[in-house]
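Hydrogens, waters and symmetry mates are skipped; everything else that's a heavy atom, side chains included, is used. All values derive from a computational prediction rather than experimental measurement.
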Amino acid sequence: MKIIKNNKNVFVGVTIVAALIAIIPTTLMYMFSKMSIGIEEGDSIEVVEEKINSYFDDGGFEKDIEKALRKKPSGDFNIYTYTSGSEESMEIEEKMNIICPQLIEVSRLELGKEYNIKLYSDFYEGDKKISTEELLSKDIFGTPKLQIIYSDTFMEGKSKRDMTIHFIQNNKILESVKYYCPTNYNEAAYTQDADLNVNEDIPIMGFTRGIKVNGKYKTYSADFHKNKDKIEKSIQNNLSKNEKMVILRLEISDRAKSV
């Protein structure tokens with residue numbers, strides 16, 4: 001009986017090991033298929049090794065992690081910001097011969113649909129709103145991406161308050177808005193991975209001047225993530241903690257309903 005039981009255990013063990021041997025390559029291939037490594041069936045060991053090395057050395061792993069951490073969009077549009085040096089920013093710079101310190105992308109506009117885009121500026125001193133200014137109103141046709149480039153003249157030895165905001169579709173500038181920020185600022189914030197619904201506006205940039213404490217500025221910037229309600233709440237919670245704050249808001253309207 002002991003011998004039968006031992007043999008049975010061995011048989012079960014061998015079966016499990018055989019199953020694992022069969023599953024592991026399939027699992028690995030599935031995992032690799034979800035990454036941007038580019039491994040294909042039939043690749044030699046040398047080619048696979050070269051692709052894996054390139055994947056990690058050229059930033060593919062970091063890019064896949066970034067994509068995995070993005071939340072699933074729940075609004076009509078999704079807004080995502082790319083910093084200078086990112087693949088997306090460098091692609092714009094190369095194609096358009098333009099400097100791109102901050103690139104904001106609004107995705108999922110319906111192709112060919114008529115929209116109106118507006119850009120507003122709100123200026124606060126403490127928690128008191130001093131002014132609201134409409135910086136842009138333009139009719140556009142939808143493309144999968146509406147790109148917004150923010151830049152200033154600080155790197156040219158001039159003022160970071162002297163800004164230009166470019167609106168881009170299909171690698172062409174639709175409109176360039178010149179804007180002189182009404183206050184010096186200590187910190188800038190840009191909307192990251194947030195939802196925007198049609199016919200509403202959402203903060204996309206914030207420029208904050210903190211309060212001087214013991215000779216140094218203490219600045220409380222709002223959190224520009226997730227959805228409009230959370231961003232607006234964060235802004236309101238931080239207004240009174242700072243000396244001044246400027247908020248730029250983007251609105252995308254369905255032109256057919258607004259006419």
Query - Pairing residues for Gln236 by the side-chain hydrogen bond (donor to acceptor under 3.5 Å, both in side chains) criterion, not counting sequence neighbours - result: none

Report task. Evaluate whether atom NZ of Lys241 has more than 12 neighbouring non-hydrogen atoms of other residues, nucleotides or ligands under 6.0 angstrom away. Result -> yes

Query raised in the report: Is atom NZ of Lys113 surrounded by more than 12 heavy atoms (other residues, nucleotides or ligands) closer than 6.0 Å?
Result: yes

Query - Beyond-backbone contact of His166 with Thr164, side-chain heavy atoms, under 4.5 angstrom - result: yes

Report task. Could you tell me the separation between the CG atom of Asn116 and the CG atom of Asp254, rounded to the nearest 0.5 Å? Result -> 10.5 Å

Query - Heavy atoms of other groups near Tyr220 OH, more than 12 under 6.0 Å - result: no

Query raised in the report: Just wondering, do Ile98 and Ile149 contact through their side chains at under 4.5 Å, heavy atoms?
Result: yes

Query raised in the report: Pick from Ile202, Leu250, Asn197, Val198: which one makes a side chain to side chain contact (heavy atoms under 4.5 Å, CB included) with Phe77?
Result: Val198

Report task. Using atom types as modelled and distance alone, determine if a side-chain donor or acceptor of Asn227 lies under 3.5 Å from a backbone N or O of Asp229. Result -> yes

Quick one: side chains of residues 129-136, donor-acceptor pairs under 3.5 Å with protein atoms, not counting sequence neighbours, listed by atom name and distance.
residue : atom : partner : partner atom : Å
Thr132  : OG1  : Asp122  : OD1          : 2.8

Query raised in the report: Are Lys178 and Asp162 within salt-bridge range, i.e. N to O under 4.0 Å?
Result: no

Query - side chain to side chain contact (heavy atoms under 4.5 Å, CB included) between Phe123 and Lys244, worked out - result: CA-CA 8 Å; Phe123 177 38; Lys244 296 176 182 178; 4.1 Å; yes

Query raised in the report: Taking atom types as modelled and ignoring hydrogens, do the side chains of Thr143 and Gln169 form a donor-acceptor contact shorter than 3.5 angstrom?
Result: yes

Query raised in the report: Do side-chain atoms of Ser240 reach the backbone of Gly126 as a donor and acceptor pair under 3.5 angstrom?
Result: no

Report summary line: Rounding to 0.5 Å, atoms CG (Leu146) and CD1 (Ile79) come to a distance of 9.5 Å

**Report entry** Pair Thr219-Asn186, side-chain hydrogen bond (donor to acceptor under 3.5 Å, both in side chains): steps then yes or no
**Finding:** CA-CA 7 Å; Thr219 304; Asn186 311 112; 3.2 Å; yes

Query - Ile231 and Asp223, any side-chain heavy atoms less than 4.5 Å apart - result: no

Query raised in the report: Out of curiosity, Asn237 CG to Ser234 OG, how far, rounded to the nearest 0.5 Å?
Result: 6.5 Å

**Report entry** All salt bridge (Lys or Arg N to Asp or Glu O under 4.0 Å) counterparts of Lys95, not counting sequence neighbours
**Finding:** Glu91

Report summary line: Applied to residues 149-158, the salt bridge (charged side-chain N to carboxylate O under 4.0 Å, His left out) test, sequence neighbours excluded, yields none

Query raised in the report: What's the spacing between Ile104 CD1 and Ile204 CD1 if we round to 0.5 Å?
Result: 4.5 Å

Query raised in the report: Between the side chains of Ser121 and Tyr179, is a donor N or O closer than 3.5 angstrom to an acceptor N or O?
Result: yes

Requested in this report: Report the C-alpha separation of Glu251 and Ile117 in whole Å, then their side-chain angles, then the decisive distance to 0.1 Å, and conclude whether the side chain to side chain contact (heavy atoms under 4.5 Å, CB included) test is met.
Outcome: CA-CA 6 Å; Glu251 178 183 357; Ile117 54 173; over 6 Å; no

Query - Qualifying ring-ring contact (aromatic ring centres under 6.0 Å, His included) pairs, either residue in residues 185-208, two or more places apart - result: Tyr150-Tyr190, Tyr150-Phe207, Tyr185-Phe207

Report summary line: For Ser107, the side-chain hydrogen bond (donor to acceptor under 3.5 Å, both in side chains) test, sequence neighbours excluded, returns none

Query raised in the report: Does Asp201 have any salt bridge (Lys or Arg N to Asp or Glu O under 4.0 Å) partners at least two apart in sequence or in another chain, and if so, which?
Result: Lys228, Arg249

Requested in this report: Report the C-alpha separation of Tyr115 and Ser253 in whole Å, then their side-chain angles, then the decisive distance to 0.1 Å, and conclude whether the side chain to side chain contact (heavy atoms under 4.5 Å, CB included) test is met.
Outcome: CA-CA 6 Å; Tyr115 295 98; Ser253 300; over 6 Å; no

Report summary line: With sequence neighbours left out, the residues meeting side-chain hydrogen bond (donor to acceptor under 3.5 Å, both in side chains) with Ser89 are Ser86

Report task. Output all residues satisfying salt bridge (Lys or Arg N to Asp or Glu O under 4.0 Å) with Asp139, sequence neighbours left out; order by chain, then residue number. Result -> Arg255

Report task. For the residue pair Asn78 and Arg108, establish whether any side-chain heavy-atom pair is separated by less than 4.5 Å. Result -> yes

Query raised in the report: How far does CG of Leu174 sit from CZ of Phe167, to the nearest 0.5 angstrom?
Result: 9.0 Å

Requested in this report: Any salt bridge (charged side-chain N to carboxylate O under 4.0 Å, His left out) involving residues 202-211? Give me the pairs, sequence neighbours left out, ordered by first then second residue.
Outcome: Arg209-Glu243

Query raised in the report: Do Tyr120 and Phe224 share a hydrophobic cluster, counting only Ile, Leu, Val, Met, Phe, Trp and Tyr and linking them when any side-chain heavy atoms are less than 4.5 Å apart?
Result: no

Query raised in the report: Does atom CD1 of Ile173 have more than 12 heavy-atom neighbours from other groups under 6.0 Å away?
Result: yes

Report summary line: Here the gap from Glu88 atom CD to Thr81 atom OG1, rounded to the nearest 0.5 Å, amounts to 11.5 Å

Query - Joint hydrophobic cluster, Leu119 plus Ile140, side-chain heavy atoms closer than 4.5 Å - result: yes

Query raised in the report: Does Ser176 reach the side chain of Ile165, with side-chain heavy atoms less than 4.5 Å apart?
Result: no

Query raised in the report: Taking the side chain as C-beta and beyond, is there a heavy-atom pair between Val246 and Pro182 under 4.5 Å?
Result: yes

Report task. Search all heavy atoms of Asn238 against all heavy atoms of Asn242 and return the closest pair with its distance. Result -> O-ND2, 2.8 Å

Query raised in the report: Just by modelled atom types, is the Thr208 backbone N or O under 3.5 Å from a matching donor or acceptor in the Thr183 side chain?
Result: no

Report summary line: Sorted by chain and number, sequence neighbours left out, salt bridge (Lys or Arg N to Asp or Glu O under 4.0 Å) with Lys145 holds for Glu105

Query raised in the report: So, do Ser151 and Met163 sit near enough that their side-chain heavy atoms are less than 4.5 Å apart?
Result: no

Requested in this report: Can you see which heavy atom on Ser159 is nearest to which on Thr153, and at what distance?
Outcome: O-OG1, 2.7 Å

Query - Residues which pass side-chain hydrogen bond (donor to acceptor under 3.5 Å, both in side chains) with Lys233, listed by chain and number, not counting sequence neighbours - result: none

Query raised in the report: Which atom pair, heavy atoms only, marks the closest approach of Leu109 to Gly142?
Result: CB-CA, 4.1 Å

